[in-house]
**Q** 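Dumping the structure here so I can ask a few things about it.
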Amino acid sequence: MKCRKCKAPAEVPLPSHNTAFCRDCFAAYFTGQVEKSIRRHGLINPGERVLVALSGGKDSLGLMLELSRMGFDVTGLHVDLGIPVSSLAARAKVEGFCTLHGLKLRVVELAKHGLPIPDVKKYINRPVCSACGKIKRHWFNRVALEEGFQVLATGHNLDDEVARLFANTLRWDAGYLSDQGPCLDAENGFARKIKPLYRLTEFETACYAFLNGIEIHTAPCPYSSGASFTGHKELWARLEYTSPGTKIAFYDGFLKRGRPAFAQVEQESGAPVAPCESCGSPTSTGTCGVCRLGIAVAERRAADPDRQ
Ligand code: AMP
Ligand code: FES
Ligand code: ZN
């Protein structure tokens, strides 16, 4: 197979675009898709500082490299969850990557803030993944606001977004359907949240990471039963195989026609937002959910006879 653009031997087949690219033309295609996302949805304005949430996986590290090459002022943020073995490995990949490319990095250690994920798992009687997601989002926003970043970028790709949209649609979850998308505007003490990779599939971000020699953390979280939305992603892989281009058409169609319709009918949730009494993060409950979680974990840890 030959590259559609330059006729050199192709290295990356892209059936959904009915094409294949060599390494250099794939890099140009990848950059073009990220540029298109940024331009179409006003994701980053000139002069803005971007905080990129880095898990150590292919998507977030690839995003960081691409945005830095495009000339944006980027700083990485890694949340060290404190999970034995796994968190050490993920953090090492993030730190190695940022050192290699000369990129700025902030690390938040949850253990230093009294909330290592193993303790959340042990002392809190609810699924650890949802609490973990909430804690991570809390720190993404907190670091962005405390350190003057206007934008917070995550590495969600087209497959993540389509699977999430599909799950929200199956439940007709109007609240989520009214604001799912590549850009959530800043409001009420929340930084703007963006997903510049939303036009690129998981396969494409994996190719980008591989072709750029990025060393990634691949081990799944030991506390999760598998990647999220695995079943939905398999279903969509089959749809895409039989009808290439379905994923991006479904998602783009939602952004053009679905989301505005849901946004129109969805009422603002009335509760007023104010800074958390303890940490200053925006909340409608006086003390924010993460601070309350920290207090609950500390109390149960202190009462635990197995602990020292
Ligand atoms: P996930 O929900 O694990 O698929 O992650 C989605 C995105 O969240 C990633 O692409 C990263 O941008 C960000 N992320 C996940 N885990 C972390 C972490 N421990 N530290 C910083 N960013 C993270
Ligand atoms: Fe948060 Fe596994 S529980 S990544
Ligand atoms: Zn708080």
Side-chain angles (χ1 to χ4, degrees), residues 50-64 67 74-91 93-95 97-98 105-110 113-122 124 126-146 151-161 163-164 189 193-198 200 202 205 209 216-230 233 273-295:
V50 185
L51 188 63
V52 186
L54 301 177
S55 61
K58 63 186 185 327
D59 303 303
S60 54
L61 295 184
L63 171 64
M64 179 78 171
L67 291 179
V74 284
T75 299
L77 168 64
H78 177 65
V79 179
D80 181 334
L81 306 175
I83 301 173
V85 187
S86 143
S87 292
L88 271 180
R91 179 171 172 173
K93 290 288 195 271
V94 172
E95 288 179 336
F97 168 86
C98 289
L105 174 67
R106 304 271 188 284
V107 177
V108 170
E109 291 180 23
L110 293 187
H113 297 276
L115 269 178
I117 296 302
D119 283 9
V120 177
K121 181 172 157 56
K122 186 167 181 198
I124 299 298
R126 68 174 212 224
V128 67
C129 290
S130 69
C132 172
K134 185 176 176 153
I135 296 168
K136 283 192 274 195
R137 289 191 297 276
H138 169 93
W139 280 103
F140 295 168
N141 196 60
R142 189 158 159 187
V143 173
L145 292 177
E146 285 179 358
V151 192
L152 182 271
T154 53
H156 294 94
N157 59 43
L158 180 62
D159 293 84
D160 298 326
E161 287 300 282
R164 181 179 299 273
K193 296 195 194 74
I194 66 167
K195 298 169 184 169
L197 298 184
Y198 86 92
L200 292 149
E202 193 141 4
T205 61
I216 56 173
H217 177 66
T218 48
C221 169
Y223 294 163
S224 93
S225 50
S228 44
F229 304 122
T230 307
K233 283 187 175 176
V273 169
C276 164
E277 285 153 9
S278 171
C279 74
S281 292
T283 179
S284 53
T285 54
T287 300
C288 78
V290 169
C291 286
R292 280 184 282 130
L293 195 61
I295 295 165

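Counting starts at 1 for both ligands and their atoms, in listed order.
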**Q** Starting at CG of Leu152, measure out to CD1 of Ile194 and round the result to the nearest 0.5 Å.
**A**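 Atom-to-atom, Leu152:CG and Ile194:CD1 are 8.5 Å apart.
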**Q** I want to check something: taking the side chain as every heavy atom from C-beta on, are Phe97 and Leu105 in contact at a cut-off of under 4.5 Å?
**A**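 No, side chains not in contact.
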**Q** For the NE2 atom of His217 and the OG atom of Ser87, what is their distance to the nearest 0.5 Å?
**A**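 It is 7.5 Å, given to the nearest 0.5 Å.
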**Q** As a quick check of understanding, evaluate side-chain contact (heavy atoms from CB on, under 4.5 Å) for Leu77 and Val108, giving each step before the final call.
**A** CA-CA 8 Å; Leu77 168 64; Val108 170; 3.9 Å; yes
**Q** I need the contact type for Leu54 against ligand 1. Using non-hydrogen atoms and a strict under-4.0 Å cut-off, is it side chain, backbone, both or neither?
**A**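 The answer is the backbone.
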**Q** List the atom of Thr75, the atom of Met64, and the distance in Å for their closest heavy-atom pair.
**A**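 Answer, listing the atom of Thr75 first, then Met64: C-CE, 3.7 Å.
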**Q** Mind checking what makes side-chain hydrogen bond (donor to acceptor under 3.5 Å, both in side chains) contact with Ser278, not counting sequence neighbours?
**A** none
**Q** Would you mind finding which of Lys195, Arg106, Lys136 brings a heavy atom closest to atom 3 (O) of ligand 1?
**A** Lys136
**Q** Does any non-hydrogen side-chain atom of Leu81 lie less than 4.5 Å from one of Lys136?
**A** yes
**Q** With atoms numbered from 1 as shown, which atoms in ligand 1 lie under 4.0 angstrom from a non-hydrogen atom of Thr154?
**A**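 Counting from 1, the qualifying ligand atoms are 12 (O).
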**Q** Name the residue from Cys132, Pro118, Pro116 that meets the side-chain contact (heavy atoms from CB on, under 4.5 Å) definition with Ile83.
**A** Pro118
**Q** Evaluate Ala53 for polar contact with ligand 1, using N/O atom pairs at a separation under 3.5 Å.
**A**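 Yes; at least one N/O pair falls below 3.5 Å.
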**Q** Just to be sure I understand the site: which N, O or S atoms from the protein are less than 2.8 Å away from the Zn ion (ligand 3)?
**A** Cys276 SG, Cys279 SG, Cys288 SG, Cys291 SG
**Q** Using side chain to side chain contact (heavy atoms under 4.5 Å, CB included) as the criterion, list what pairs up with Thr205, not counting sequence neighbours.
**A** Phe30, Lys58, Asp59, Asn157, Leu197, Leu200
**Q** Is there a side-chain contact (heavy atoms from CB on, under 4.5 Å) between Lys134 and Val290 once you walk through the steps?
**A** CA-CA 7 Å; Lys134 185 176 176 153; Val290 169; 4.3 Å; yes
**Q** Looking at ligand 2, does Lys136 have a heavy atom less than 4.0 Å from it?
**A**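 Checking ligand 2 against Lys136, which is what was asked, there is a heavy-atom contact under 4.0 Å.
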**Q** Identify, by atom number and element, the atoms of ligand 1 in contact range of Ser60, meaning under 4.0 Å from any of its heavy atoms.
**A** 10 (O), 11 (C), 12 (O)
**Q** Tell me whether Val79 has any N or O atom under 3.5 angstrom from an N or O of ligand 1.
**A** yes
**Q** Does an N or O anywhere in Ala153 fall below 3.5 Å from an N or O of ligand 1?
**A** no
**Q** Would you call Cys279 and Ser281 a side-chain contact if the rule is heavy atoms closer than 4.5 Å?
**A** yes
**Q** Please report the shortest heavy-atom distance between His78 and Leu54, naming the atom on each side.
**A** ND1-O, 2.8 Å
**Q** Have a look at ligand 1 and work out which part of Leu63, if any, has a heavy atom under 4.0 Å from it: side chain, backbone, both or neither.
**A** neither
**Q** Excluding waters, which protein N, O or S atoms are within less than 2.8 Å of atom 2 (Fe) of ligand 2?
**A**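 Checking every protein N, O and S atom gives Cys221 SG.
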**Q** Tell me whether Lys121 forms a cation-pi arrangement with Tyr223, defined as NZ or CZ under 6.0 Å from the six-membered ring centre and within 45 degrees of its axis.
**A** yes
**Q** Testing the basics here: between Pro196 and Thr154, what is the closest heavy-atom pair and its distance to 0.1 Å?
**A** CD-O, 3.8 Å
